[in-house]
**Student:** 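First the structure, which I've put down as structure tokens, then a few questions once you've had a look.
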Amino acid sequence: MSKEEKKPFSQTMAEWRQFVYNPRSGEFLGRTAKSWGLILLFYLVFYGFLAALFTFTMWVMLQTLSGDIPKYRDRISSPGLMISPKPVTALEFYFNKSDSKSYAEYVSTLKQFLKSYDDSKQSKNIACTAGKLFEQNEDRAVKQACQFNRTKLGSCSGVEDDTFGYAKGTPCVLVKMNRIIGLKPEGEPHIQCSPKEEGKVQITYFPDGGMIDLMYFPYYGKKLHADYLQPLVAVQLAINSSITKEDVTIECKIMGSPNLRNEDDRDKFLGRISFKVQMSE
Amino acid sequence: MGKADQYEMYSVEMEKQGNGDMDVKIKKKKTNKAAKKKEKLESMKKEMDVDDHQLSVEDLELKYQTNVTKGMNSTVAGEILLRDGPNELKPPKGTPEYVKFARQLAGGLQCLMWVAAAICLIAFGIQCGQGDLTSADNLYLAIALIAVVVVTGCFGYYQEFKSTNIIASFKNLVPQQATVIRDGDKFQINANQLVVGDLVEIKGGDRVPADIRIITAQGCKVDNSSLTGESEPQTRAPECTHESPLETRNIAFFSTMCLEGTATGIIVNTGDRTIIGRIASLASGVENEKTPIAIEIEHFVDIIAGLAIFFGGTFFIVAMVIGYPFLKAMVFFMAIVVAYVPEGLLATVTVCLSLTAKRLARKNCVVKNLEAVETLGSTSVICSDKTGTLTQNRMTVSHLWFDNQIHTADTTEDQSGQSFDQSSETWRALCKIVSLCNRAFFKSGQDNVPVPKRIVIGDASETALLKFSEITLGNVMEYRERYKKACEIPFNSTNKFQLSIHELEDPRDPRYLLVMKGAPERILERCATIMIKGQELPLDEQWKEAFQTAYMDLGGLGERVLGFCHLYLDPGQFPRGFAFDTEDMNFPTSGLCFAGLISMIDPPRATVPDAVMKCRTAGIRVIMVTGDHPITAKAIAASVGIISEGSETVEDIAARMRIPVEQVNKREARACVVNGGQLKDMETEELVEILKMHPEMVFARTSPQQKLIIVESCQKLGAIVAVTGDGVNDSPALKKADIGVAMGIAGSDAAKNAADMILLDDNFASIVTGVEQGRLIFDNLKKSIAYTLTKNIPELTPYLIYITVSVPLPLGCITILFIELCTDIFPSVSLAYEKAESDIMHLKPRNPRRDRLVNEALAVYSYFQIGAIQSFAGFTDYFTAMAQEGWFPLLCVGLRAQWENDHLQDLQDSYGQEWTFGQRLYQEYTCYTVFFISIEMCQISDVLIRKTRRLSVFQQGFFRNKILVIAIVFQLCLGCFLCYCPGMPNIFNFMPIRFQWWLVPLPYGILIFVYDEIRKLGVRRHPGSWWDKELYY
């Protein structure tokens, strides 16, 4: 039987050593220095050329793009909803209304978030006609932004109550709609929230009815529309004191606009959002 | 369990007979099975030491406690039966079906895939453990890998399922009934009840029930061709004529056919201890050699595994350095290793091989083991049996000597050759003798069958003569009726002639005609005159010398020569109605008139010389290994070109130069004829030396064991050996060979079972087709593998970039599976239809040590050059798709963590737009699809360049391989379907992409094509240059 005989280990090792460096032929890993030099030079040229080609095509491609508006918006036909403050992990609020530390982070996030809505920062912005899309001329290099006064957020504005109701057990959550360039909502979009179980919580909207004014649309992109402020809807939750220590799940949806989708099976944040609140005393 | 115990008992018995030492026997039983098996095999390879043929009848009676007239005592027979077991071949301990199936799942590539699947599952486990349940990709991958292995395993198993168990067919050889004499009475008993020492009777038409020492015989002839390869019927007689049991006349072998006559004999061996039983166990004891393609695939798996671990290891370290946690880095490592496994390759190789197998089947070569398809292509030595493979296996009249001249008869199978001058009177006389002095006759009802194919009742030489006269003369049966037979003496071994006396056709001529044929020297002794050109001349010394010369010439051709003579009896002495007495021979049997000699041979098949020639041009050495006589073997070898014109053996040189054989320089002799006797005394090294020294070899009078040794010696020289054969005696060698080729029509079942390939038309020329197809598939497999491997890199780099630069993942796992197992399979298989680039039949067989299926050049060129270009194409398209949707390349870098954070529902792109996680996911799928399309586009270019390795594609022809064109169209259609079929995004992560993203990779596709054309140009223009060495695969 001409079966392959197992080579002794020492021989295998010797062969390996021979392969790594062969002193007789001066071969290192099966090639001489000259051979290595040539092959490395070849690959240097080869990859150099490929990299150059890649860079060139990338450059050409980038030249065709506008810096203002993206070429396509195939994946973002409809905006998502998001809330602020946003708990780090999941969308779950846990706080003790008598322990200010437990909600300090939410409060500071809200303050930080609303800073850009300060009146002082909105001096450049103009007051637009409510209820109408604010379309601006093509040739305007810098688009104007409409004012959004914090006062519109009522008791959630943080002006009167700097704990945004957390201390009183009526926490505020801001709902915002994702920015999408050129999006023009139809109808009368408004945010509507509802707890999963009826009667556990009372919801107050600011502005009234959770309306999102059309004058804040369309958005022209961060380069042209640097001062743009997206409209906010504040939701104040008055949690029934009898159900403290229980989870309350709230779902908010954008309603009243036929071109803003809110019922996608896979994307749970497309035109809707749900979060949990648990308050203790 | 009972069976196993019995088996042990028998083997003990056998050893006891062999050396008679109980202690040794018990010790042997304890040694491990493998060693024992090997030892058994070694002892079998030595000649069998049967000496029963040399014993006297008395000694035999004593040895076997029997009586040559009354037979055995029934009770003793019963005891022996209990001791020895029934007289039948034990079926081998067959491999259980599940083991066969498991073997299909344990090849080189399969093991690689199992390991990969295991890694996937581990990675999936780790991910689950970390609570990351978002992606079940690793699970899908594991399932897909296992599915591929199992499905291809089932395919392979099904192929093997068709071939049957090796010794199962030996069973059919066992005779059903036998006539035995016990206690002085005749019985018909089942042959499996026979025991050693039994006295049995055989007659024409019986199969010999066991190995028999002949005690009495009357004109008994047996057909040993399946055992020894001798095409002539062998006489069996009580005398011991040779010391070798295989050659002596007084032993008839188990399962051979008794053609005529009767005989009685004593059984000397039964069951597995018979010669044929030993050959059977020899065949089953020989392990199948690994096929060359299996070795190549293992080598290839080594390369793949090495590279995978190298890449995985490198990026594991990179990931650790970048700061990924250990577990995450581990998952990366595993993913890279798995990404490196070419999932589609197993399917591609299997399908390519079975395609060729099908193609071969259409050309009458049936392949039992898929891997054997390629083996013929790498074959460098063919050891061919003579009888039935190179020759037609039927005696045919080849030469005639009359009028002091040798005439050549037509020996072609279809009688397309030239005939000789038939105008001479002598010919007419000779023809008359041939027709009349012949006891053979055609089976009735064959008038429409061409003469050579008709069935004849009679022995081989009479058949040859009958067919010969039927062809040259016309209706012999009718002719014989016109010359009424008055009496006849059939051939017997003491007279060595056959005669008959006939009335003449013309009723007015009252003479009788005596015709006689027989051994030429015996016939000549009885002749007083010789017929030359119709004239009866006195047979003087001059004519006798002419006769001798002719006789020697014809004998030297390895042909069997018969002499013919006749005499018109004196009508006065023998009037009509004379009572001829064959006992007293009351008629003259001397003073006859010599008519001529006719010689017969088993002629070579018409296609063989050409096929042998083709093998030679293809660098394949053809060695004849036969059980037949050296002279015949040499003559056939010379006529088919195995010994080429002008080649001389040592003996030829000695004869030509008139010097003793010892003085001849052996290196001068190209040819060499070795016979079994010489071989027996030879050491293996000596045989190897002889094989090296003489390019043209003929082995004659070889036993099955010796065939095995010859094959092994060739393999020791590093050759890949094909063995062709048809007899039982060939089966061990067929099994030992790298590829055994059995004859489909003439082949015994044992040979067919031991073989890897069967030639349905028994045509040696089909082997040439096999070689051609084998070489082609090797070349084409190389191309297919190169094509399949290339895309591994563009599948792997996205992951590497994902890890190192943290871009959103450009190519997903399921998408990779679609490339590997769906879109690219058909194109890679279509390369199997590619025509050869050059005349592959003019090249030397590949050197199995140097010309590997997958060499470093192929891997490096595919991976680091074409694969690299494809990767760049993919990334160009990926970044284009990202940028056009709002994510600039620089933003993508480092984006991974945020991108994959499913709590982040408002991630800003380069334009300030905010994306939810779901939207980003669809964007990621878009990237997968874009990358997928890029790979596909580049692979179209890749399949075009892989059409040739050296020639320009323009020389090879773009559209000549229609299947490949269809495959490309199919690939495109499949790509479109995957992209644009509704529902795809959520099922298989394919998104409908914009048309222009199909075009982005095009420049890279063109680059691949142009670059490869430049490479080929360099390879063609500057053979042996640095460019050729580094870039030709």
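Not measured: the values here are computed from a predicted model. Because only heavy atoms are used, hydrogens play no part in the values below, and waters and symmetry mates are left out as well, while side chains stay in. So that the names make sense, note that chain A is the first sequence line, chain B the second, and so on, each numbered from 1.
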**Student:** For the CE atom of Met61(A) and the CG atom of Asp877(B), what is their distance to the nearest 0.5 Å?
**Tutor:** 9.5 Å
**Student:** If you draw a 6.0 Å radius around CD in Glu135(A), do more than 12 non-hydrogen atoms from other residues or ligands fall strictly inside?
**Tutor:**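 Yes, because the 6.0 Å sphere around CD of Glu135(A) holds more than 12 heavy atoms from other groups.
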**Student:** How about Phe56(A): does its CZ atom have over 12 heavy atoms from other parts shown lying under 6.0 Å from it?
**Tutor:** no
**Student:** Restricting to non-hydrogen atoms, name the atom on Tyr72(A) and the atom on Glu885(B) that form the minimum distance, rounded to 0.1 Å.
**Tutor:**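 Heavy-atom minimum between the residues: O-OE1, 3.2 Å.
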**Student:** Quick one: are Asp906(B) and Lys176(A) in side-chain contact, heavy atoms under 4.5 Å?
**Tutor:**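 When only atoms from C-beta onward are counted, Lys176(A) and Asp906(B) do touch, with a gap below 4.5 Å.
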**Student:** Take atom CD in Glu105(A); do more than 12 heavy atoms of anything else shown fall under 6.0 Å from it?
**Tutor:** no
**Student:** Got a sec, which residues hit side-chain contact (heavy atoms from CB on, under 4.5 Å) with Asn262(A), two or more places apart in sequence or on another chain?
**Tutor:**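 Asn262(A) satisfies side-chain contact (heavy atoms from CB on, under 4.5 Å) with Lys253(A), Ile254(A), Met255(A) only.
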**Student:** Is there a side-chain contact between Phe872(B) and Thr57(A) (heavy atoms, below 4.5 Å)?
**Tutor:** no
**Student:** Under the rule for side-chain contact (heavy atoms from CB on, under 4.5 Å), what residues qualify as partners of Asn989(B), not counting sequence neighbours?
**Tutor:**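 Asn989(B) satisfies side-chain contact (heavy atoms from CB on, under 4.5 Å) with Ile814(B), Tyr925(B), Tyr928(B) only.
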**Student:** Measuring heavy-atom distances to chain A, does Gln996(B) have an atom under 4.5 Å in its side chain, in its backbone, in both, or in neither?
**Tutor:**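 Side chain of Gln996(B) only, per the 4.5 Å heavy-atom cut-off to chain A.
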**Student:** To the nearest 0.5 Å, tell me how far Ile76(A) CD1 sits from Arg920(B) CZ.
**Tutor:**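 It is 12.0 Å, given to the nearest 0.5 Å.
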**Student:** Under a 4.5 Å heavy-atom cutoff, which of Pro79(A), Gly221(A), Ser66(A) has the most pairs with chain B?
**Tutor:**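 If we count pairs closer than 4.5 Å to chain B, Ser66(A) comes out on top.
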**Student:** For the CD atom of Gln919(B) and the CZ atom of Arg73(A), what is their distance to the nearest 0.5 Å?
**Tutor:**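 One finds 13.0 Å between CD of Gln919(B) and CZ of Arg73(A).
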**Student:** Please check this pair: side chain of Glu914(B) against backbone of Gly80(A), looking for a donor-acceptor N/O pair closer than 3.5 Å.
**Tutor:** no
**Student:** For chain A, which residues from residues 1001-1011 of chain B lie under 4.5 Å away (heavy-atom distances)?
**Tutor:** Tyr1004(B), Leu1007(B), Tyr1011(B)
**Student:** Do His903(B) and Leu91(A) come within less than 4.5 Å of each other through their side chains, counting heavy atoms only?
**Tutor:**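 The answer is no, as the side chains (C-beta and beyond) never meet within the 4.5 Å cut-off.
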**Student:** Need one label for Ser910(B): side chain, backbone, both or neither, based on atoms under 4.5 Å from any heavy atom in chain A.
**Tutor:**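 Just the backbone, heavy atoms under 4.5 Å.
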**Student:** Given a strict heavy-atom distance threshold of 4.5 Å, which part of Tyr219(A) is in contact with chain B: side chain, backbone, both, or neither?
**Tutor:** side chain
**Student:** By ring-ring contact (aromatic ring centres under 6.0 Å, His included), which residues pair with Phe134(A), not counting sequence neighbours?
**Tutor:** none
**Student:** Please state whether the side chain, the backbone, both or neither of Leu1031(B) comes within less than 4.5 Å of a heavy atom of chain A.
**Tutor:** side chain
**Student:** Are the side chains of Pro992(B) and Asp74(A) in contact, using a 4.5 Å heavy-atom criterion?
**Tutor:**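 When only atoms from C-beta onward are counted, Pro992(B) and Asp74(A) do not touch, as no gap falls below 4.5 Å.
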**Student:** Which of the residues Phe888(B), Phe864(B), Phe875(B) is involved in the greatest number of heavy-atom pairs with chain A at under 4.5 angstrom?
**Tutor:** Phe864(B)
**Student:** Could you grab the distance from atom CD1 of Ile869(B) to atom CG of Leu53(A), nearest 0.5 Å is fine?
**Tutor:**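 These two atoms lie 9.0 Å from each other.
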**Student:** State, yes or no, whether a side-chain contact exists between Met58(A) and Phe879(B) at a heavy-atom distance under 4.5 Å.
**Tutor:** yes
**Student:** So for Leu38(A), is it side chain, backbone, both, or neither that comes closer than 4.5 Å to the heavy atoms of chain B?
**Tutor:**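 The answer is both parts of Leu38(A).
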**Student:** Between Phe49(A) and chain B, with a heavy-atom cut-off of 4.5 Å, which part of the residue counts as in contact: side chain, backbone, both or neither?
**Tutor:**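 Answer is side chain: those atoms of Phe49(A) sit under 4.5 Å from chain B.
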**Student:** Taking atom CZ of Arg266(A) and atom OG1 of Thr916(B), what is their separation to the nearest 0.5 Å?
**Tutor:** 13.5 Å
**Student:** Around atom CG of Leu890(B), are there more than 12 heavy atoms from other residues, nucleotides or ligands closer than 6.0 Å?
**Tutor:**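 No, because the 6.0 Å sphere around CG of Leu890(B) holds 12 heavy atoms or fewer from other groups.
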**Student:** Would you indicate whether the side-chain heavy atoms of Ile39(A) and Trp1026(B) approach each other to under 4.5 Å?
**Tutor:**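 Touching, per the 4.5 Å side-chain cut-off.
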**Student:** For the residue pair Pro889(B) and Leu62(A), what are the closest heavy atoms and their distance?
**Tutor:**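 Where Pro889(B) meets Leu62(A) most closely, the heavy atoms are CD-CD2, 4.0 Å.
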**Student:** What part of Asp264(A) gets closer than 4.5 Å to chain B, counting heavy atoms only: side chain, backbone, both or neither?
**Tutor:**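 For Asp264(A), neither part sits under 4.5 Å from chain B.
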**Student:** More than 12 non-hydrogen atoms from neighbouring residues, nucleotides or ligands closer than 6.0 Å to CZ on Phe310(B), yes or no?
**Tutor:** no
**Student:** If you tally heavy-atom pairs under 4.5 Å against chain A, which of Gly886(B), Gly912(B), Ala883(B) wins?
**Tutor:**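 Among the listed options, the one with the most contacts to chain A is Gly912(B).
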**Student:** Quick check: closest heavy atoms across Tyr911(B) and Ile69(A), and the distance to 0.1 Å?
**Tutor:**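 Of all heavy-atom pairs spanning Tyr911(B) and Ile69(A), the closest is CE2-C, 3.4 Å.
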**Student:** Could you measure the distance from the CZ atom of Arg994(B) to the NZ atom of Lys71(A)? Nearest 0.5 Å is fine.
**Tutor:** 9.5 Å
**Student:** Identify the two heavy atoms, one from Gln913(B) and one from Pro70(A), that lie closest to each other, and give their separation to 0.1 Å.
**Tutor:**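 Nearest pair, atom of Gln913(B) first, then Pro70(A): NE2-CG, 3.2 Å.
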**Student:** Are there more than 12 heavy atoms of other residues, nucleotides or ligands under 6.0 Å from atom OH of Tyr980(B)?
**Tutor:**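 Yes, because the 6.0 Å sphere around OH of Tyr980(B) holds more than 12 heavy atoms from other groups.
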**Student:** Work out which heavy atom in Ala868(B) is nearest to a heavy atom in Phe46(A); give both atom names and the distance.
**Tutor:**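 Shortest heavy-atom contact: CB-CE2, 4.5 Å.
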**Student:** Contact part of Val711(B) toward chain A, heavy-atom cut-off under 4.5 Å: side chain, backbone, both or neither?
**Tutor:**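 Neither part.
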**Student:** Under the side-chain contact (heavy atoms from CB on, under 4.5 Å) criterion, do Lys86(A) and Gln905(B) qualify, and how do the steps go?
**Tutor:** CA-CA 10 Å; Lys86(A) 191 172 78 79; Gln905(B) 298 296 343; over 6 Å; no
**Student:** Show the nearest heavy-atom pair for residues Glu1030(B) and Ser35(A), with the distance to one decimal.
**Tutor:**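 Here Glu1030(B) and Ser35(A) meet closest at OE2-OG, 4.4 Å.
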**Student:** Can you tell which of Asn986(B), Leu921(B), Asn901(B) has the highest number of heavy-atom pairs within less than 4.5 Å of chain A?
**Tutor:** Asn986(B)
